[in-house]
Each structure stands twice: as structure tokens, then as C-alpha cells.
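Read the structure below first, then the notes.
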Number of protein chains: 2
Amino acid sequence: MSSRDYLGEFEHIIVLALLRLEDRAYGVTVRQEIEIRTKREVSIGAVYATIDRLESKGYVKSHLGDPTPERGGRSKRFFRVTAKGVAAVNRTQRALVSMTQGLDLIRSYS
Amino acid sequence: MSSRDYLGEFEHIIVLALLRLEDRAYGVTVRQEIEIRTKREVSIGAVYATIDRLESKGYVKSHLGDPTPERGGRSKRFFRVTAKGVAAVNRTQRALVSMTQGLDLIRSYS
DNA sequence: AAAGATTTATTCTATATTGTATAGGTAATG
DNA sequence: CATTACCTATACAATATAGAATAAATCTTT
């Protein structure tokens, strides 16, 4: 396993967003989820570029949905995290947790 | 606050290592601490390059120690995290925590 | 005590990967 | 055909990473 098997900072955030959103994850909702939960501004291009990279690593799969009957309701590209992707988040989080153990930073991080 | 106020993945790990090591933090121990706790192989060049970047952002300060009376005991460059650096880790961790809330990944991450 | 070998440590340099924004394109409906 | 929601392309900046080169000590040997 190479060092590069750890998720980058933004990749990490994106994967977590996908996991939370489950079957509702597509470009717009991913961006929203991140902005709402972290207050961080995210450009839509950054979201897609990052997801594309995750997909090319096999951490994410995508499929095209059906168009929806609303103005501009073109079909969405839905994303889901693969088992390999879940393994990568776990690996990344495990490393952080092990480095954090015993430090008193913010409470919610055990 | 710009997006870039979040620590990168490896920057994050490095800062945590510095915090753990307190006044014993210098190149070699930082590398060791990370390798031991995360089982991740780290090149020494990566450590210094990253710390330099953190220093230029004001997240870390360094000072030169005295030589020690052992073979090859040239003086070490010791590092410590600044208040600004602590704020940055907290910001970074807070974002991750908020994205992780409610997901069941690894247990130790609350 | 000086030269060279050895050890611990840091710096330099080069490259790959990740992060980020913007502009432009596509497929729906009104 | 105007508008809306969504996606793609592209370019550039920042971060990650390795490896070789350099530096500053001590040790060994003569």
C-alpha cells in the first residue's frame, strides 16, 4: 500500500459527503452538503474534478439517472462510494485517529 | 477565511505529530512518530518540505538546538506549533467531524 | 592532532498528485 | 428560443513525495 492510498483533504470531505447522501448524491447535492455542514464554500468544478479523480482510482462509481419533470431537469450523474473507497476512508481516518489519540484538541474528536 | 486555511492531509498528520512530540519534535522524531503510529512510510524529505510550508504559513516555528555529544550529533532544528497552527488543526478536524457525524465508519471516530 | 570514515541531521531539487476556479457546453421545460 | 439545472473541459496553484546532495558532529587511525 503506497502513501497515495490515503485520501487527500478534499477527497476525504467529498467521500464523506457521498456516504451521507447515499442514493441522493450528485454534483449539486454534494456541494450543498459540504457547504451546509462545514460552512466552507465549494466551487462546483472542484467537486466534479475531485470526484472524477476518485472514480478513476476506483473509489467511486457513477451512473446516469433519468431526467426529472422540472424545468432544467436533465438527468443527473449519481455517485456512490465503492468498497475500495470505504476502505480508503477508513484507512485515512484510522491514521488521523491514531495521531490524535491522547491530544486534547476539539472534544468531539476522540 | 479561504479554503486554503484547511490543512492538507499530510500537513494535518505532521501538525499532530508535532503536538504529540512537544519539545522533542525535530525531523527524525517527527518521521518516527508518524511511521510508528500510522505504519505509513514517510520520506524525510517530505517531512521537511511540509514543515517548511507550514512554517511559511505561520503554523509552525522552529529554532536550532545545541549539538549533542554523540557521534553525528549535529544540532537539531526543533519545531513547535503556533497558536495559529492549533487553530488550523481545529478548523480542519471540526470540518471532518461535522462531515462524519452519524456515519458508522471506524468506531473510534465519533 | 589531522585525515578520513561514519553518523545524524538538514537542504535542495525535481516531479507527481491534489485542490480550485472559471468558462463553456448539454439536456431538460416553459 | 429563453431559462434552468446540471455537467465537462481546462488551466493553474498548492500540496505531496522521493532521492541526492550537503553539513556538522564524533570516532579511528596514524
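Just so it is clear: chains get the letters A, B, ... in the order the sequence lines come, proteins before strands, and each one is counted from 1. Because the structure is a prediction, the values reported are computed rather than measured.
Judged by distance alone, the side chain of A:Thr82 and the main-chain N or O of A:Gly58 form a donor-acceptor pair under 3.5 Å. Counting only distance, with no hydrogens or angles, the side chain of B:Arg20 and the backbone of A:Met99 share a donor-acceptor pair below 3.5 Å. In this structure, the side chain of A:Thr38 does not engage the main chain of B:Ala95 through any donor-acceptor pair within 3.5 Å. Using a distance-only test at 3.5 Å, with no hydrogens or angles considered, a donor-acceptor pair links the side chain of A:Arg31 to the main chain of A:Val42.
Atom CG of B:Asp52 and atom C1' of D:dA16 are 13 Å apart (whole Å). Summarising the geometry, the separation between CG on B:Leu7 and P on C:dT18 is reported as 18 Å, rounded to the nearest angstrom. At whole-Å resolution of the value, CG in B:Asp5 and P in C:dT20 are 10 Å apart. Regarding B:His12, its NE2 atom lies at a distance of 14 Å from the P atom of C:dG19, rounded to whole Å. Rounded to whole Å, atom C1' of D:dT17 lies 14 Å from atom OH of A:Tyr6. Remark: C1' of D:dT15 and CD of A:Glu11 are 12 Å apart, rounded to the nearest angstrom. Taking atom OH on A:Tyr26 and atom P on C:dT26, their separation rounds to 21 Å, with Å as the unit. In this structure, A:Arg31 atom CZ and C:dA21 atom C1' are separated by 11 Å, rounded to whole Å.
Of the two residues contacting DNA chain C, namely B:Ile44 and A:Gly45, the nearest-nucleotide position lying further toward the 5' end is that of B:Ile44. Heavy-atom nearest nucleotides on DNA chain D were determined for B:Ala49 and for A:Phe78, and the one closer to the 5' end corresponds to A:Phe78.
Checking the phosphate oxygens (OP1, OP2) of C:dT18, a side-chain nitrogen or oxygen of A:Lys57 falls inside 4.0 Å. Remark: A:Arg40 is in phosphate contact with C:dT20, judged by side-chain N or O atoms under 4.0 Å from OP1 or OP2. Within the 4.0 Å cut-off from OP1 or OP2 of D:dA16, at least one side-chain nitrogen or oxygen of B:Arg53 is found.
Just one residue in the list B:Glu55, B:Arg80, B:Lys76 forms a side-chain hydrogen bond (donor to acceptor under 3.5 Å, both in side chains) with B:Ser62, and that residue is B:Glu55.
Contact check for B:Arg53 versus B:Thr50: side-chain heavy atoms found under the 4.5 Å cut-off.
Of the candidate nucleotides C:dT18, D:dT8, D:dA18, D:dT8 has the atom lying nearest to any side-chain atom of A:Arg77. With D:dT15, D:dT17, C:dG19 as the choices, the nucleotide that has an atom nearest any side-chain atom of A:Glu9 turns out to be C:dG19. Side-chain proximity of B:Phe10 to the nucleotides D:dT17, D:dT15, C:dA9 is greatest for D:dT17. Nearest to the side-chain atoms of A:Val28 among the listed nucleotides C:dA9, D:dT17, D:dC6 stands D:dC6.
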Quick test: give all pairs of protein nitrogen or oxygen and nucleotides 28-30 of chain C nitrogen or oxygen below 3.5 Å, distance rounded to 0.1 Å.
| from | atom 1 | to | atom 2 | distance (Å) |
| --- | --- | --- | --- | --- |
| C:dG30 | O4' | A:Arg71 | NH1 | 3.4 |

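Side-chain heavy atoms closer than 4.5 Å link hydrophobic residues (I, L, V, M, F, W, Y) into clusters, and following such links, possibly through other members, connects A:Leu16 to A:Ile44.
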